[in-house]
Amino acid sequence: MKFESLRGFRDIYPEDAEPRDRMLSEIKKVARSFGYQIIDFPSVEPLDLYRIKSGEELVSQTFSFTDKGGREVTLIPEATPSVVRMLTSKKDLPKPVRWFSLPKIWRYEEPQSGRLREHVQFNADIFGLDTPEADAEIVGLACTILDSLGLAGNYEIRINHRKLMDEILRALGVVDIPRVFGIIDRFRKIDRQEFMNSLGEAGVSQDSARIIEKLASSRVKADDSAGLIQSLMEMNNDLRESLERVVSTIRMISYYTSSEIVMDFSTVRGLSYYTGLVFEAFDIRGELRAILGGGRYNGLSSLISDQDIPAIGFGMGDVVLELLLKRTNLWHKDISGNRYYVCTVSDDAASFSLKLSIDLRKKGADVIRDMGKRSLSAQLRSASVNGCSYAIILGTKEVSTGSITIRNMSDGRQEAISIEEFLSSIKK
RNA sequence: GCCGGGGUGGGGUAGUGGGUAUCCUUGGGGACUGUGGAUCCCCGGACCCGGGUUCAAUUCCCGGUCCCGGCCCCA
């Protein structure tokens, strides 16, 4: 009988698991440098938690089942509801709260490029602040993480504002705003004519449709945002407050990164619960799906509790990030310079090699001890493929003199030194 | 859930309605009784699964499954 991993699930071998672990460590390090604290929560939750927030569409794409007590439960398809529950059930948390997490999440969908049925998703949120500063910090955190992974200049941030969009559409006389959001969301996937037709079918006038089309196809860089205010204000003076907030947010974000920040009216992040700033990061070549996405979701906490706490956050999956890092040649193992391979070439050196290995590890070194009784050639071959910088050779000669023979694996030079001298030379 | 393209050792491949299934690479061991990444030798390892057609299927047909890509969706 042959077993394979389930569709959409991965076995991750050291050649990928090591770089991945390094990537996740770097992400955590950056989050902590912003004062965000790590949290964790269950991988299985009541299915209703997602019904409330996202409806049956999401529920149909969960790994869900009925447990032995007859409860409908699911492997979590996202982190936010669990995080918001943790936030609202502890009422004495000093605000603002800055949290991050690295849960595995699951979605029952057809796997495709950059999307699997199980992945790790980094989440960061800031609760209790509804300001441009908080908006900018969350986007700034996202940018700083990507930059510290070496991706500066390889991605762009697309920003929009749901409230601003809402006001613009209202000013244009749009009645069915959610429907038009849906059409705008598909702007990049459909051709111009189909876009205009859809707007027409949604009851949008021709003049308004032309303006929406123009907005959706414009990309405004951070530096040009003043001009943007000007032109949109001419359209409707009521937009001033929202516009100024977006522009000041973008200005602050540009302090965090040199990567491109653009105002992009076609970024609306589906039809979900976002209420303010929304943003996504894409690779600059446009080959991959979104690297990360997020936004402000002020209404959510009051849906699942009696509290109303403003919130903004984002999620970033490991799958697209790995693809991008590989394409950018940034998917490497950490080369540690303190790795020893202990070779034993005679039976009487066995206990010597065991004791030396233990002592070395206590000094903080990584030590692989060869335990097969095989030729020294074979042992050195193992030392080489395991990436050890030094091999230590122990045999009758070394046992009788209380010394070791140490071989530098990169240049082949070797010397014999006393065991005491060697151990004291190892830095802890 | 839907659509398209694929599936031969761990990786990359050749090939065939019939015989011990090709080559490269990787892996293990040895030549080297105490010296790796070179060379040579030896060894291990595969026709995705099920059904059908046939005297005979890895090969042809059907279904499934998995992989790759796309749709839907992206919470």
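Residue numbering restarts at 1 for every chain, and letters A, B, ... go by the order of the sequence lines.
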Taking [M] as the reference, what is the distance to [N] when you measure between their [atom1] atoms (whole Å, please)?
N	M	atom1	answer
B:rC55	B:rG17	C1'	12 Å
B:rG63	B:rG45	C1'	30 Å
B:rU16	B:rA57	C1'	11 Å
B:rU8	B:rU59	C1'	11 Å
B:rU22	B:rU58	C1'	14 Å
B:rG11	B:rG51	P	26 Å

### Query
Does anything in residues 102-114 of chain A reach RNA chain B, meaning a heavy atom under 4.0 Å, and if so which residues?
A:R107, A:E109, A:E110, A:Q112, A:S113
## Note on the structure
Expected list for residues 73-85 of chain A near RNA chain B, using heavy atoms below 4.0 Å, is A:E78
### Message
Does the Lys NZ or Arg CZ of A:R98 fall within the cation-pi geometry relative to A:F34 - under 6.0 Å from the ring centre and within 45° of the axis?
### Response
no
### Query
Has A:R186 got its NZ or CZ under 6.0 Å from the middle of the six-membered ring of A:F195, at an angle within 45 degrees of the ring axis?
no
Could you give the [atom1]-to-[atom2] distance, from [X] to [N], as a whole number of Å?
X	N	atom1	atom2	value
A:R117	B:rC73	CZ	P	18 Å
A:Y297	B:rA75	OH	P	12 Å
A:Q121	B:rC74	CD	C1'	10 Å
A:D11	B:rC67	CG	P	11 Å
A:Y273	B:rC74	OH	P	11 Å
A:L288	B:rC74	CG	C1'	15 Å
A:I190	B:rC73	CD1	C1'	16 Å
A:E287	B:rG69	CD	P	13 Å

## Note on the structure
Under a 4.0 Å heavy-atom criterion, the protein footprint on nucleotides 33-39 of chain B, written with B, S and -, is -BBBB--
Regarding [X] and [Y], do their side chains bring together a donor and an acceptor under 3.5 Å, going by distance alone?
X	Y	answer
A:Q307	A:T88	no
A:Y155	A:T257	yes
A:N197	A:E201	no
A:R296	A:N298	yes

### Query
Touch check for A:G317, heavy atoms < 4.0 angstrom, all strands: base, sugar-phosphate only, or nothing?
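Since no nucleic acid heavy atom lies under 4.0 Å of A:G317, the category is nothing.
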### Query
What do you reckon, is NZ of A:K95 surrounded by more than 12 foreign heavy atoms closer than 6.0 Å?
yes
### Query
Would the number of heavy atoms belonging to other residues, nucleotides or ligands and lying under 6.0 Å from NZ of A:K29 be above 12?
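Open: at most 12 neighbouring heavy atoms sit under 6.0 Å from NZ of A:K29.
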### Query
Looking at B:rC72, does its base get a donor-acceptor pair with the side chain of A:R186 below 3.5 Å?
no
### Query
Do A:R269 side-chain and B:rC74 base share a donor-acceptor contact under 3.5 Å?
no
### Task
Could you tell me which residues satisfy salt bridge (charged side-chain N to carboxylate O under 4.0 Å, His left out) with A:R219, sequence neighbours excluded, listed by chain and number?
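Once residues adjacent in sequence are excluded, the partners of A:R219 under the salt bridge (charged side-chain N to carboxylate O under 4.0 Å, His left out) criterion are A:E156.
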#### Entry: A:R374 side-chain proximity, nearest of B:rC67, B:rG28, B:rA75
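For the A:R374 side chain, the nearest candidate turns out to be B:rG28.
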### Message
Suppose the criterion is ring pair (Phe, Tyr, Trp, His ring centres under 6.0 Å): which pairs have a residue in residues 363-389 of chain A, not counting sequence neighbours?
### Response
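For residues 363-389 of chain A: none.
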### Task
Name all pairs fulfilling the ring pair (Phe, Tyr, Trp, His ring centres under 6.0 Å) condition that reach into residues 366-386 of chain A, sequence neighbours left out, sorted by first residue then second.
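Sorted result for residues 366-386 of chain A: empty, none.
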### Candidates A:W106, A:Y50, A:F9 - the one meeting ring pair (Phe, Tyr, Trp, His ring centres under 6.0 Å) with A:F63
A:F9
#### Entry: Candidate pair A:L288 and A:L323, rule side chain to side chain contact (heavy atoms under 4.5 Å, CB included), full reasoning
CA-CA 8 Å; A:L288 305 171; A:L323 286 174; 4.1 Å; yes
